[in-house]
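The next block holds one structure in the form of structure tokens; read it before the comments.
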Amino acid sequence: MTYGRRAFLGGLAASAGSLALPRMTQAAPLANVKELGVLRVGLYSGNRPWSYEEGGKVLGIDADIARAVADSFGVKTDLALFPADEEVSDDLRNVVWRGGLLGFRKCDVMFHVPFDRDFAAKEDQVVILAPYYRESFGAACSSGLPECEGTPTEFRGRRLAAELDSIPDFYLIGSFGGILRPDVTHYTTGFEAVAAIKDGRADLAVATDAQIESALAKAPGGDAKRRKGPLPAMLSPGWDVGIAVDEKSRSLGFAIEEEMDAMMASGRMAEIFSAHGVTWRPANAVQV
């Protein structure tokens with residue numbers, strides 16, 4: 001397995017019609033970041049274990065990766081939390097290439113962006129690169145449930161938990177003829193949905209793998225267990241997670257990608273994930 005710049009990145013940029021040498025030579029935002037001494041990073045708020053605020057400090061996996069990258073550049077970090085908008089495209093516009101209409105100052109880079117060729121081809125104002133994790137969905141159950149590996153319909157009448165308006169939410173309320181809909185309680189995040197199992201408020205939760213692992217390791221409460229098998233009828237096969245920079249900031253994006261490649265190769269990336277109770281899984285896009 002190697003983690004250098006992949007050939008597909010060139011193909012991805014070409015499909016977006018944005019890879020052009022004159023632009024690369026004109027853009028020097030990496031030099032600007034070093035001259036100013038600050039890397040401004042956009043992170044989703046309330047997105048534990050990735051980025052969230054606690055005790056007046058920004059915590060999470062993405063926050064720690066951003067700090068490590070800034071350290072490698074010899075600059076400080078300015079971590080800017082923002083709420084998710086209706087679409088990721090809205091977040092890219094507000095955070096990376098234009099700035100928010102209500103005064104949110106655009107960032108040098110945004111973390112936790114879906115790394116998808118078709119999606120990237122439509123976002124011609126940004127460059128999406130540096131895939132650093134493979135995310136997918138799973139489930140967790142209370143220790144009192146005799147079987148966590150059954151089909152979701154077997155949990156009818158149990159207390160089910162999911163993040164509101166998320167894919168796990170749509171999965172539970174919309175699949176299997178909707179028979180589980182009356183049993184679903186909504187939470188603000190997937191982490192909180194899994195935490196509800198540990199403190200006795202829920203029997204089963206559907207969330208992302210990172211949310212499940214982190215909540216089982218970090219949320220207070222009793223024992224809970226992670227489902228080992230896949231979820232029947234879950235349509236999402238998972239997705240890669242990367243970063244985004246303004247289309248004119250390629251030099252910065254490539255420099256961040258190289259640093260994150262080095263962190264993956266050295267084991268530093270896995271250490272950061274482990275500190276938050278999560279197993280680092282390399283993105284499919286970097287596995288050759």
Side-chain angles (χ1 to χ4, degrees), residues 2-21 23-24 26-27 29-30 33 39-44 47 50-51 60-63 65-66 68-70 73 79-80 82 84-100 104 106-136 167 208 210 236-264 269 280-288:
T2 60
Y3 302 107
R5 177 158 301 131
R6 274 70 55 188
F8 70 86
L9 282 177
L12 183 154
S15 67
S18 58
L19 184 58
L21 287 175
R23 287 182 174 177
M24 293 182 68
Q26 291 170 4
L30 173 60
V33 166
L39 178 67
R40 181 170 168 81
V41 183
L43 303 173
Y44 283 106
N47 190 31
W50 300 100
S51 49
I61 296 169
D62 284 343
I65 296 173
V69 170
F73 293 163
L79 302 181
F82 64 92
D85 211 317
E86 291 292 329
E87 303 288 345
V88 177
S89 295
D90 300 329
D91 300 330
L92 292 171
R93 181 189 65 239
N94 294 333
V95 177
V96 178
W97 63 267
R98 190 194 66 184
F104 184 86
K106 62 179 287 187
C107 296
D108 299 310
V109 56
M110 173 178 159
F111 273 59
H112 222 76
V113 178
F115 187 89
D116 177 86
R117 183 185 299 272
D118 293 335
F119 173 71
K122 299 175 183 175
E123 300 295 330
D124 59 359
Q125 297 289 335
V126 304
V127 178
I128 300 173
L129 68 174
Y132 58 95
Y133 180 70
R134 180 69 181 179
E135 186 64 285
S136 59
I167 291 177
T208 67
S236 173
W239 66 100
D240 289 349
V241 179
I243 66 169
V245 297
D246 188 297
E247 195 277 333
K248 297 183 290 296
S249 300
R250 292 175 182 274
S251 64
L252 175 62
F254 292 156
I256 293 174
E257 181 182 62
E258 289 176 0
E259 179 56 30
M260 291 174 70
D261 283 346
M263 292 168 63
M264 288 188 272
M269 186 71 76
W280 174 64
R281 300 175 187 82
N284 282 356
V286 303
Q287 300 188 54
V288 297

Taking every non-hydrogen atom, the tightest pair across [X] and [Y]:
| X | Y | answer |
| --- | --- | --- |
| Pro29 | Ser249 | CG-CA, 3.1 Å |
| Tyr132 | Ala283 | N-CB, 4.3 Å |
| Pro131 | Glu257 | CD-OE2, 4.4 Å |
| Leu129 | Val245 | CD2-CG2, 4.4 Å |
| Ala255 | Leu30 | CB-CD2, 3.6 Å |
| Lys248 | Asp246 | N-OD1, 2.8 Å |

Just wondering, do [Y] and [X] contact through their side chains at under 4.5 Å, heavy atoms?
| X | Y | answer |
| --- | --- | --- |
| Glu247 | Trp97 | no |
| Trp50 | Glu135 | yes |
| Pro114 | Val88 | yes |
| Phe119 | Ser89 | yes |
| Met260 | Val69 | yes |
| Asp240 | Val286 | no |
| Val41 | Phe111 | yes |
| Asp91 | Met110 | yes |

Requested in this report: Please assess Ile128 against Ile243 for the test side chain to side chain contact (heavy atoms under 4.5 Å, CB included), listing each intermediate value before the final yes or no.
Outcome: CA-CA 6 Å; Ile128 300 173; Ile243 66 169; over 6 Å; no
Report task. Please state whether the rings of His112 and Tyr44 are parallel, tilted or perpendicular, taking 30° and 60° as the class boundaries. Result -> perpendicular
**Report entry** Partner residues of Asp62 under the salt bridge (Lys or Arg N to Asp or Glu O under 4.0 Å) criterion, sequence neighbours left out
**Finding:**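 Not a single residue meets the salt bridge (Lys or Arg N to Asp or Glu O under 4.0 Å) criterion with Asp62.
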Query raised in the report: Who are the salt bridge (Lys or Arg N to Asp or Glu O under 4.0 Å) partners of Asp85, not counting sequence neighbours?
Result: none
Which distance, rounded to the nearest 0.5 Å, do you find between the [atom1] of [X] and the [atom2] of [Y]?
| X | Y | atom1 | atom2 | value |
| --- | --- | --- | --- | --- |
| Glu259 | Asp261 | CD | CG | 9.5 Å |
| Arg93 | Arg98 | CZ | CZ | 5.0 Å |
| Arg134 | Trp239 | CZ | CH2 | 8.5 Å |

Query raised in the report: When you look at Thr208 and Ile167, which way does the side chain to side chain contact (heavy atoms under 4.5 Å, CB included) test go after all the steps?
Result: CA-CA 9 Å; Thr208 67; Ile167 291 177; over 6 Å; no
Query - By ring pair (Phe, Tyr, Trp, His ring centres under 6.0 Å) - contacts of Phe73 (at least two apart) - result: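 None.
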**Report entry** side chain to side chain contact (heavy atoms under 4.5 Å, CB included) evaluation trace for Ile65 with Tyr133
**Finding:** CA-CA 12 Å; Ile65 296 173; Tyr133 180 70; over 6 Å; no
Report task. Answer yes or no: is there a donor N or O on one side and an acceptor on the other, between the side chain of Lys106 and the main chain of Val96, under 3.5 Å? Result ->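 Side chain of Lys106 to backbone of Val96, a donor-acceptor pair under 3.5 Å: yes, one is there.
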Query raised in the report: Can a cation-pi geometry be assigned to Arg40 and Phe104, taking NZ or CZ under 6.0 Å from the six-membered ring centre and within 45° of the ring axis?
Result: yes
